[in-house]
Engineer: 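Here it is: the structure, laid out below.
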Number of protein chains: 2
Amino acid sequence: MGITLKELAQSLGLSPTTVSRALNGYPEVNEDTRWRVMEAARKLNYRPNTRAKSLATGRAQAIGHVIPVSDQHEIVNPVFADFIAGAGESYTRAGYDMVISVVADAEEAQVYRDLVGRGTVDGLIVHAPRQQDPRIPLLRDLGIPFLVHGRSSGVERPYSWLDINNRRGFARATDFLLDLGHRRIGFVNGLEVMDFAARRRSGYLDALAGRGLRADPALMQSAEMTETNGYRAARRMLALPDPPTAFLVSSMLLAIGVRHALWEAGLHMGRDVSVITHDDDLSYLKNGDEVPIFTATRSSIREAGRLAADMLLELVGQRTEAPLTRLLEVDLIIGQSTGPCPQRQRDSA
Amino acid sequence: MGITLKELAQSLGLSPTTVSRALNGYPEVNEDTRWRVMEAARKLNYRPNTRAKSLATGRAQAIGHVIPVSDQHEIVNPVFADFIAGAGESYTRAGYDMVISVVADAEEAQVYRDLVGRGTVDGLIVHAPRQQDPRIPLLRDLGIPFLVHGRSSGVERPYSWLDINNRRGFARATDFLLDLGHRRIGFVNGLEVMDFAARRRSGYLDALAGRGLRADPALMQSAEMTETNGYRAARRMLALPDPPTAFLVSSMLLAIGVRHALWEAGLHMGRDVSVITHDDDLSYLKNGDEVPIFTATRSSIREAGRLAADMLLELVGQRTEAPLTRLLEVDLIIGQSTGPCPQRQRDSA
DNA sequence: CCAGGCATCCAAAGCGGTTTGGGTCATTGA
DNA sequence: TCAATGACCCAAACCGCTTTGGATGCCTGG
């Protein structure tokens with residue numbers, strides 16, 4: 001490890017006090033001296049010890065992320081990679097560290113108490129909120145700044161969050177399909193204990209209701225968002241006596257599974273059957289190049305990570321209680337996976 | 001935040017010394033006293049302050065992961081989510097924190113120096129090593145325990161690593177295809193500046209050479225491992241005058257792209273064209289259920305994360321210099337994506 | 001000429017733990 | 001009976017940094 005502040009001070013013939021002040025930009029130090037100190041620090045490769053600094057200041061200069069792993073399926077949501085990447089950029093810029101705990105749903109509360117109690121972090125990001133998520137009141141009680149990525153319906157008191165407008169996005173997508181003449185729209189959603197999935201569902205239902213249509217339970221699926229689940233859901237729905245002519249899907253991975261099922265059934269995506277998916281704009285799962293493969297509701301999860309981190313840092317900085325909230329609209333981008341309902345064309349012919 | 005050790009001691013009428021010793025299992029404390037202390041700690045919800053503890057002991061109780069983001073494409077390798085999940089389990093079990101820095105290739109060295117200099121972590125995991133990766137000598141110079149996930153050809157002095165046998169795995173896969181009669185095997189690889197990709201390539205080439213076959217450059221592709229790149233590579237190769245009858249692919253995502261291209265070309269995977277892919281056994285990208293979709297060389301990245309973390313913790317614990325290394329063999333699992341070469345069947349008919 | 005103000009710097013007291021180097025008292029062996 | 005030995009506990013130093021509360025010397029204005 002490197003040199004210590006005391007050593008640096010000694011080598012300069014100065015007191016630790018002055019050196020500390022010089023490095024941290026306090027005014028009560030001569031500019032010449034400051035310059036000498038900075039130079040020496042650079043030359044000797046001095047870096048203040050994080051732990052000592054934190055101990056002295058009371059700030060950990062670190063933000064915690066608790067990544068939940070669903071107990072049943074042991075699935076890690078793949079969007080975390082990109083979210084973390086985005087958040088990491090913000091932290092790096094602000095000189096904060098990011099500490100991550102991967103933890104089974106059941107032990108989450110314990111982990112939060114621990115992180116806060118041991119003073120490891122100054123703030124926390126809450127991932128994958130469910131409805132009436134107990135973590136939100138817990139964290140308020142613990143008295144640490146936190147920001148929820150998403151929202152949690154049913155939590156009465158206000159809290160800070162960053163979310164996308166899932167309901168409206170999915171309502172628009174559904175409307176888009178309805179406008180194309182589709183009436184039987186298969187809905188392949190994520191687990192609906194997740195708040196985002198519940199909101200998407202109500203967007204879907206609202207849009208149907210807006211045209212006086214009733215949802216068919218056989219056309220609604222809720223499961224972990226994997227390629228195989230998308231495949232299976234589509235396959236099952238396509239086998240119905242009155243199969244869907246379009247699919248509304250909650251993630252690219254699901255959508256790829258749906259596409260798989262369509263091909264297998266000899267159906268051409270975008271002509272025989274339409275597909276709209278939500279697209280998190282993941283770096284390793286791009287939706288085509290210039291012209292998107294899938295028509296999609298798109299919102300960059302990486303950008304969300306950046307913004308969420310920035311918001312949390314603000315909360316941490318100014319110890320204000322006022323909750324920060326931000327709702328991002330999603331883009332509806334048109335790709336090659338949607339087209340008029342063939343059934344309808346036949347009708348009109 | 002919680003109660004402090006001094007306060008806890010006061011509430012018990014004991015000195016901080018004794019309380020500290022009681023909690024940390026030192027022998028010079030009466031068992032009754034220890035029990036009283038433990039009880040009080042539990043009841044008052046005492047948690048030792050990480051920073052203070054680290055400062056006193058000199059150990060950060062934290063491991064760092066530096067996640068590289070390729071400058072050009074800004075792509076975060078999706079396997080990190082699962083690797084991190086695996087490593088996280090080990091850290092949690094051992095009472096270590098995990099701090100993550102996401103950083104552009106170019107700034108990596110700086111970040112390593114920083115993490116070490118500021119004493120934020122006791123050890124580091126090096127991800128995605130390239131050939132002759134400069135980070136390895138750098139970290140040795142910095143004198144911090146580290147473990148490389150993968151290896152780096154061309155680094156002379158020994159270092160600790162955990163890797164899978166990429167060369168042999170891909171040689172076996174190639175042999176398997178050759179045994180099925182395939183002679184033109186398209187190779188869709190990751191970026192070959194990455195060490196793992198280079199090794200896979202040599203596995204592929206060795207197997208071909210073993211049968212006296214010369215590799216066709218037109219059948220070899222090296223690119224970032226995304227679905228679109230897989231699709232494009234396969235599409236291009238299928239358009240050749242003498243297209244491949246089989247594909248050897250470096251990741252599930254690439255393979256899904258290849259599958260896409262096959263369908264588009266009206267080819268049935270497993271009958272008309274065979275595909276073998278490497279399968280990292282990602283939680284959100286399972287290769288089918290009971291019977292795998294793709295024939296694959298499989299090795300769980302999550303398990304690798306667990307093992308890597310365990311090895312690093314061992315290095316950190318016993319300050320021995322002896323490098324730890326471990327080479328995992330990959331399984332070759334048979335799925336539905338491979339079959340005899342149709343060309344050959346015609347020949348033999 | 002002198003008090004007050006200003007620019008600079010420093011000693012020392014924390015931050016919340018661990019650890020060294022004793023103390024005190026009861027027990028034990030000769 | 002008495003020194004030696006444990007068992008048990010504590011005071012204080014220390015980890016590396018920040019920050020409070022002065023010091024010191026020079027400059028100004030009345």
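Note that the structure is predicted; figures quoted are calculated from it, not measured. Here is how names work: the chains are called A, B, and so on, in the same order as the sequence lines, proteins then strands, and each is numbered from 1. Because only heavy atoms are used, hydrogens play no part in the values below, and waters and symmetry mates are left out as well, while side chains stay in.
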Engineer: Considering just the side-chain nitrogens and oxygens of A:Lys53, establish if one lies under 4.0 Å of OP1 or OP2 belonging to D:dT18.
Structural biologist: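 Yes, because at least one side-chain N or O of A:Lys53 sits under 4.0 Å from OP1 or OP2 of D:dT18.
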
Engineer: I'd like to know if the side chain of B:Ser160 and the backbone of B:Leu147 have a donor-acceptor N/O pair within less than 3.5 Å.
Structural biologist: no

Engineer: Using modelled atom types and a 3.5 Å cut-off, is there a donor and acceptor pairing between side-chain atoms of A:Asp133 and backbone atoms of A:Arg130?
Structural biologist: yes

Engineer: Without decimals, in angstroms, what is the distance between B:Leu12 CG and D:dC9 P?
Structural biologist: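 Distance, rounded to whole Å: 11 Å.
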
Engineer: Nearest whole Å is fine: how far is C:dA12 C1' from A:Lys6 NZ?
Structural biologist: 12 Å

Engineer: Provide, to the nearest angstrom, the distance between the OH atom belonging to B:Tyr26 and the C1' atom belonging to D:dC10.
Structural biologist: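 The distance from OH of B:Tyr26 to C1' of D:dC10 comes to 16 Å, rounded to the nearest Å.
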
Engineer: Quick check on B:Arg140: does its CZ atom have over 12 non-hydrogen neighbours (other residues, nucleotides or ligands) under 6.0 Å away?
Structural biologist: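 Atom CZ in B:Arg140 is packed in, count exceeds 12.
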
Engineer: So, the side chain of A:Asp163 versus the backbone of A:Leu327: is there a donor-acceptor pair under 3.5 Å, distance only?
Structural biologist: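 No.
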
Engineer: For the side chain of A:Leu5, starting at C-beta, report the closest nucleotide among D:dC17, D:dG16, C:dT18.
Structural biologist: D:dC17

Engineer: Please determine if A:Asp97 and B:Arg118 form a salt bridge, counting it only when a charged side-chain N lies under 4.0 Å from a carboxylate O.
Structural biologist: yes

Engineer: Just to confirm, is there a sub-4.0 Å distance from OP1 or OP2 of C:dC15 to any side-chain nitrogen or oxygen of B:Asn49?
Structural biologist: no

Engineer: For the pair made of CD1 in B:Ile3 and P in C:dG17, what is the distance, rounded to whole Å?
Structural biologist: 9 Å

Engineer: B:Arg59 has an atom CZ; how far is it from atom P of D:dC14, in whole Å?
Structural biologist: 20 Å

Engineer: With a 3.5 Å distance limit and no angle check, can you tell me whether A:Glu107 reaches the backbone of A:Ala104 through a side-chain donor-acceptor pair?
Structural biologist: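 Between the backbone of A:Ala104 and the side chain of A:Glu107 there is no qualifying donor-acceptor contact (under 3.5 Å).
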
Engineer: For the helix from C:dC1-D:dG30 to C:dA30-D:dT1, measure the angle between the helix axis at one end and the axis at the other, each built from five pairs, rounding to 10°.
Structural biologist: 60°

Engineer: In this structure, how many angstroms lie between the P atom of D:dC14 and the CD atom of A:Glu7, rounded?
Structural biologist: 15 Å

Engineer: What does the list of N/O pairs under 3.5 Å between the protein and nucleotides 8-11 of chain C look like, with a distance for each?
Structural biologist:
from, atom 1, to, atom 2, distance (Å)
C:dT8, OP1, A:Asn30, ND2, 3.3
C:dC9, OP1, A:Thr33, OG1, 2.9
C:dC9, OP2, A:Asn30, N, 2.9
C:dC9, OP2, A:Thr33, OG1, 3.3
C:dC10, OP2, A:Ser15, N, 2.8
C:dC10, OP2, A:Ser15, OG, 3.1
C:dC10, OP2, A:Thr18, OG1, 2.8
C:dC10, N4, A:Arg21, NH1, 2.3
C:dA11, N7, A:Thr17, OG1, 3.3
C:dA11, N6, A:Thr17, OG1, 2.7

Engineer: Is the closest side-chain donor-acceptor distance between A:Asp195 and A:Ser152 under 3.5 Å?
Structural biologist: no

Engineer: Just say parallel, tilted or perpendicular for the rings of A:His127 and A:His149, cut-offs at 30° and 60°.
Structural biologist: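 Judged by the thresholds at 30° and 60°, the geometry between A:His127 and A:His149 is perpendicular.
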
Engineer: C:dG16, OP1 or OP2 - any side-chain N/O from B:Tyr46 closer than 4.0 Å?
Structural biologist: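 For C:dG16, OP1/OP2 do not have a side-chain N/O of B:Tyr46 under 4.0 Å.
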
Engineer: Is it true that a side-chain atom of B:Asp310 and a backbone atom of B:Ser90 form a donor plus acceptor pair closer than 3.5 Å?
Structural biologist: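 No; zero donor-acceptor contacts below 3.5 Å.
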
Engineer: Calculate the interatomic distance between B:Gln61 atom CD and C:dG17 atom C1'; express it in whole Å.
Structural biologist: 13 Å

